[in-house]
Amino acid sequence: MRTQPKLSKESASALIDLGQAISHNATSEETTLLLDSTLVQEAYARNVSLQALQVILLPAQFHHQSNSMPSAV
């Protein structure tokens, strides 16, 4: 990724877009694959993997929180 900065930006954008596309129905295998990608040696790849995970996990977290909140009477 260091030697091809333009390609790095495009692949990072594609991974984040993929995270957005699967955010509502990501499987545990897909989430695990991204989580495992946070352990690779290349810092840029780790950061992009975290960004893609954030896109997937944050909507799920908000959905879970809104379902577990008591309704106002």
Side-chain angles (χ1 to χ4, degrees):
M1 289 188 147
R2 257 183 246 145
T3 60
Q4 300 291 328
K6 182 176 178 172
L7 185 58
S8 297
K9 289 179 185 179
E10 290 175 4
S11 47
S13 179
L15 186 57
I16 292 168
D17 289 346
L18 176 65
Q20 290 172 341
I22 66 171
S23 65
H24 296 291
N25 59 354
T27 65
S28 60
E29 291 85 10
E30 292 163 337
T31 305
T32 299
L33 180 64
L34 282 171
L35 189 58
D36 289 346
S37 298
T38 64
L39 301 175
V40 297
Q41 188 174 12
E42 182 64 48
Y44 191 76
R46 289 192 310 263
N47 289 335
V48 171
S49 297
L50 284 171
Q51 289 175 356
L53 271 172
Q54 187 176 26
V55 168
I56 291 171
L57 297 177
L58 282 180
Q61 181 181 8
F62 287 128
H63 177 73
H64 177 71
Q65 286 177 351
S66 66
N67 287 341
S68 62
M69 292 181 142
S71 57
V73 178

Of the non-hydrogen atoms in [X] and [Y], which two are nearest, and what is the gap between them?
X: Gln41; Y: Arg46; answer: O-NH1, 2.7 Å
X: Leu15; Y: Ala52; answer: O-CB, 3.8 Å
X: Tyr44; Y: Ala12; answer: OH-CB, 3.7 Å
X: Gln51; Y: Ile16; answer: OE1-CD1, 2.9 Å

What's the spacing between [X] [atom1] and [Y] [atom2] if we round to 0.5 Å?
X: Gln54; Y: Ser23; atom1: CD; atom2: OG; result: 12.5 Å
X: Ile22; Y: Thr31; atom1: CD1; atom2: OG1; result: 6.5 Å
X: Leu53; Y: Thr32; atom1: CG; atom2: OG1; result: 9.5 Å

Qualifying residue for side-chain contact (heavy atoms from CB on, under 4.5 Å) with Ile56, from Asn25, Leu34, Leu18: Leu34

Under 3.5 Å: donor-acceptor pair, side chain of Ser13, backbone of Lys9: no

Spell out, yes or no, whether Leu35 and Leu57 are grouped together once hydrophobic residues are joined by side-chain heavy atoms under 4.5 Å, including indirect joins. yes

